[in-house]
Amino acid sequence: MRGLVLRKRMRFVLRNSNIGRICPFRPGPFMHLSKYFLPVLKEAPREAEIVSHQLMLRAGMIRQQSAGIYSWLPLGLKVLRKVEQIVREEQNRAGAVEVLMPTIQSADLWRESGRYDDYGKEMLRITDRHERDMLFGPTNEEMITDIFRSYVRSYKDLPLNLYHIQWKFRDEVRPRFGVMRGREFLMKDAYSFDLDEAGARTAYYRMFVSYLRTFDRLGVKAIPMRADTGPIGGDLSHEFLILADTGESEVFCHKSYLDLQAPDAGVDYGNDDLIAGIVGDWTAAYAGTDEVHDEAEWMKIPADERVNARGIEIGHIFNFGTKYSEPMGAKVTGPDGKDHVVHMGSYGIGPSRVVAALIEAGHDENGIVWPASAAPFDVGLINLRQGDEATDAACADLYSQMQNAGLDPLYDDTDNRAGGKFALADLIGLPWQLIVGPRGLKAGEVELKNRASGERESLTMEAAMNRLTAWRSQMKARYGG
RNA sequence: CGGGGCAUGGCGCAGUCUGGUAGCGCACCUGGUUUGGGACCAGGGGGUCGCAAGUUCGAAUCUUGCUGCCCCGACCA
C-alpha cells in the first residue's frame with residue numbers, strides 16, 4: 001500500500017521534471033489533475049470544527065502534523081503563495097522594503113528589550129549544542145531593531161520600513177480551528193522607523209492604506225477597528241477584521257463601513273495629506289471590537305445603522321514609539337546634530353490565517369468559493385468523457401488556448417464520472433468551470449459555469465474563451481496583477 | 001492554565017457496559033459492464049485496536065500509569 005503510494009508520487013515528480021526540461025519556457029508544469037497531488041476527502045475528519053478547517057482538509061490543502069502545526073499540500077500552498085504575493089506587492093507599493101530574517105533567534109537580543117522574561121511560555125525556547133539560549137521567533141521587533149541600529153546613522157536615511165514574510169511560532173495554550181489559530185503560522189511583519197512621532201504617524205497611515213488595498217485585492221471587506229495595543233505597547237493601534245459568522249471577536253461598527261471603497265492602485269503614497277485623508281475617511285465612523293467597545297458611543301448611532309456581528313482579525317497595526325529603540329539604542333543623528341531615538345511601528349498580516357478567513361467568508365454547501373485573486377487556479381477544465389477522441393482533443397485545445405491567454409487552468413483529465421468531477425470542482429472552488437462533453441460538442445458548444453453565482457451557460461468554444469480572457473483582463477486592470 | 005471528551009485500516013464509524021482473538025460504509029487494487037451531478041457486479045489488499053505495565057487460560061474490551069488529539073473558558077496574526 002505504502003509502496004504504491006510512493007511509486008505514484010515518484011512518477012508524478014519524474015513526469016513533471018521531464019516536462020520542465022522539454023518546455024523550459026513554460027511558467028510551470030502542466031496542471032493535469034491525473035498527475036497532480038490533490039488528496040481530497042469525502043468526509044471531514046472529526047476534529048475539524050469550523051467550516052474553513054473542514055474544507056481545507058477535504059480539499060487536500062493542508063495536513064495536520066501536530067497540534068497547531070500543518071503541512072501545506074499543493075493546492076493550499078498555491079493559495080498561500082497567492083495571498084503572500086498580494087501582500088508583498090501592496091507592501092512594496094507603499095514603500096516598504098522586503099528582507100528575510102531567520103526563524104531562530106538568540107535569546108540575547110530579547111534580554112536587551114526585556115522581553116525574554118516577559119514573553120512567557122508562549123515563546124518556544126531552545127538550547128543549542130553549546131548550551132546557548134535560542135528561541136523560535138514569535139515576532140521580530142528586537143531583530144529588526146538590531147539590524148536597523150547596525151547600519152542606520154542619519155535622519156536622511158529615514159523614513160524606513162522593512163518587512164519580511166516568515167514563519168512564526170507561538171506556543172499557544174490552545175491552538176484550534178486549523179490554520180486559523182495555529183502555533184506555527186506565516187506572518188508578514190513590517191517595521192517602520194522614523195525620526196519623530198509625526199513621521200511615525202505618517203508611516204502608520206501608509207500601512208493603514210496599504211492594508212485597505214491588500215484586503216480589497218483579496219476580495220474581502222476588512223474593517224479597521226480601534227484596538228488595544230496589548231503587550232507590544234504604544235498608543236495607536238488598529239485591527240482589520242472581516243465579518244464572518246465564525247469570527248472569534250464580537251464587532252460593533254457603523255454600517256457605512258460596508259460601502260466604503262478602498263483606494264485604487266494609483267494611490268500616491270508620497271502624498272501625506274492624501275494618505276491621512278483616506279485614513280480619516282476610514283476611521284470617522286464608529287468601529288470597535290468587544291475589547292474596546294464603548295456602549296455610550298454605540299448607542300448614539302441610530303439602531304438601523306448599527307452592525308453588530310462576528311469578525312476575524314486578519315491584520316493588526318501598531319505604533320509603539322520608542323519601546324524597543326530606547327532600550328536597544330536605535331538612534332540616528334538628526335538635522336540638529338544630536339542623537340534621536342527613532343520612533344517605530346509594526347504591522348502584521350497572517351497570510352496563513354487569511355487563507356482560512358477567505359474560506360470562512362466564501363463558501364457554500366458544496367465547498368469553497370475563492371475570490372478570483374487568491375484562487376489556486378482560474379479555471380477547472382472538466383473533460384466529461386476522458387478517452388473520447390473529440391472531447392480529449394477539444395480539451396487539449398482549450399487548455400493550450402487558456403495557457404496562451406495567461407489563464408491558469410487545472411485540467412481534470414481523470415477518468416472519473418461526471419458527477420465526481422463536478423463535485424470536486426465545486427469543492428476546490430475555482431472561479432470558473434469549463435465543461436466539455438460529447439453531447440455539447442455535437443452542437444458545437446461547451447459549458448461555462450461560474451462557481452460563485454452557480455450560473456451555467458452553453459456557448460461556443462470561442463465565446464467561452466472570449467469570456468474568460470475578458471474576465472482575466474478585467475482582473476488585471478483592476479489590480480495590476 | 002481550569003473544565004469536559006476522544007484515541008479501532010487513509011477518512012467516517014460499530015464493537016468496550018457483559019473478556020473468547022476485529023467488523024461496516026467510503027477510499028484503494030484487479031476484471032467486467034457503465035459514463036452530463038459523487039455508478040454497478042465479482043474478486044482482492046491493508047489494522048501490533050495510541051503506548052507501557054498489570055489481572056486472566058485468554059484483553060480492543062477490566063485495572064494502573066503515560067502520550068497524543070479535540071471541544072468550552074481565560075490569552076493571541
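So you know, we letter chains A, B, ... as the sequences are listed, proteins then strands, and number each from 1.
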Remember a base hit wins even if backbone is also touched, and classify A:Gly182 as base, sugar-phosphate or nothing at under 4.0 Å, heavy atoms.
base

Using atom P of each nucleotide, how far apart are B:C29 and B:G46 to the nearest Å?
16 Å

So does A:Lys42 get a side-chain nitrogen or oxygen closer than 4.0 Å to the phosphate oxygens (OP1/OP2) of B:A27?
yes

Within the pair A:Arg174 and B:C1, is there a side-chain N or O less than 4.0 Å away from OP1 or OP2?
no

Looking at every strand, decide which applies to A:Arg58 at a 4.0 Å heavy-atom threshold: base, sugar-phosphate, or nothing.
base

Using a 4.0 Å heavy-atom cut-off across all strands, classify A:Gly419 as base, sugar-phosphate, or nothing.
sugar-phosphate

Is there a side-chain contact between A:Arg417 and the phosphate of B:A39, meaning an N or O under 4.0 Å from OP1 or OP2?
yes

Base, sugar-phosphate, or nothing: which does A:Pro351 touch, judged by heavy atoms less than 4.0 Å apart?
nothing

Interatomic distance, A:Glu248 CD vs B:C71 C1' [rounded to whole Å]:
14 Å

With a non-hydrogen cut-off below 4.0 angstrom, is A:Arg176 in contact with a base, only sugar-phosphate, or nothing?
base

Is there aromatic stacking of A:Phe422 against B:G38, centre distance under 5.5 Å, plane angle under 30°?
no

Whole-Å distance, A:Gln166 CD to B:A77 C1', equals 15 Å

Tell me if the aromatic rings of A:His254 and A:Tyr286 count as close, with their centers under 6.0 Å from one another.
no

For A:Tyr324 and A:Asp146, which I'm curious about, is there any donor-acceptor pair between the side chains at under 3.5 Å?
no

Is A:Ile349 touching bases, backbone alone, or none of the nucleic acid, heavy atoms closer than 4.0 Å?
nothing

Looking at B:G68, I'd like to know if its phosphate oxygens (OP1 or OP2) sit under 4.0 Å from a side-chain N or O belonging to A:Gln64.
no

When you measure from the centre of the six-membered ring of A:Tyr119, is the NZ or CZ of A:Arg111 closer than 6.0 Å and no more than 45° off the axis?
no

Where the side chain of A:Glu172 is defined as all heavy atoms beyond and including C-beta, which of B:C6, B:U35, B:C75 is the nearest nucleotide?
B:C75

Whether A:Arg206 engages the ring of A:Tyr211 as a cation-pi pair (distance to the six-membered ring centre under 6.0 angstrom, angle to the ring normal within 45°) should be assessed.
no

Counting side-chain heavy atoms from C-beta on, which of B:C71, B:A77, B:U35 comes nearest to A:Arg353?
B:A77

With a 4.0 Å cut-off on heavy atoms, is A:Ala44 in touch with a base, just the backbone sugar-phosphate, or nothing at all?
sugar-phosphate

What's the CG-P distance between A:Asp415 and B:G38, to the nearest Å?
17 Å

Got a donor-acceptor contact below 3.5 angstrom from the A:Ser52 side chain to the A:Glu360 backbone?
no

May I ask you to say what A:Ala423 touches in the nucleic acid, namely base, sugar-phosphate or nothing, with a heavy-atom cut-off under 4.0 Å?
base

Have a look at A:Gly437 and say if it touches a base, only the backbone sugar-phosphate, or nothing, with a 4.0 Å heavy-atom cut-off.
base

N/O (side chain, A:Lys168) to phosphate O (OP1/OP2, B:A77) under 4.0 Å
no

Over all strands shown, is A:Asp426 touching base, sugar-phosphate only, or nothing at heavy-atom distances under 4.0 angstrom?
base

Between A:Ser66 and B:C69, is there a side-chain N or O to OP1/OP2 distance below 4.0 Å?
yes

Nearest-angstrom distance from the residue atom CD of A:Glu43 to C1' of B:C24
12 Å

What nucleic acid atoms does A:Arg456 come within less than 4.0 Å of, heavy atoms only: base, sugar-phosphate, or nothing?
base

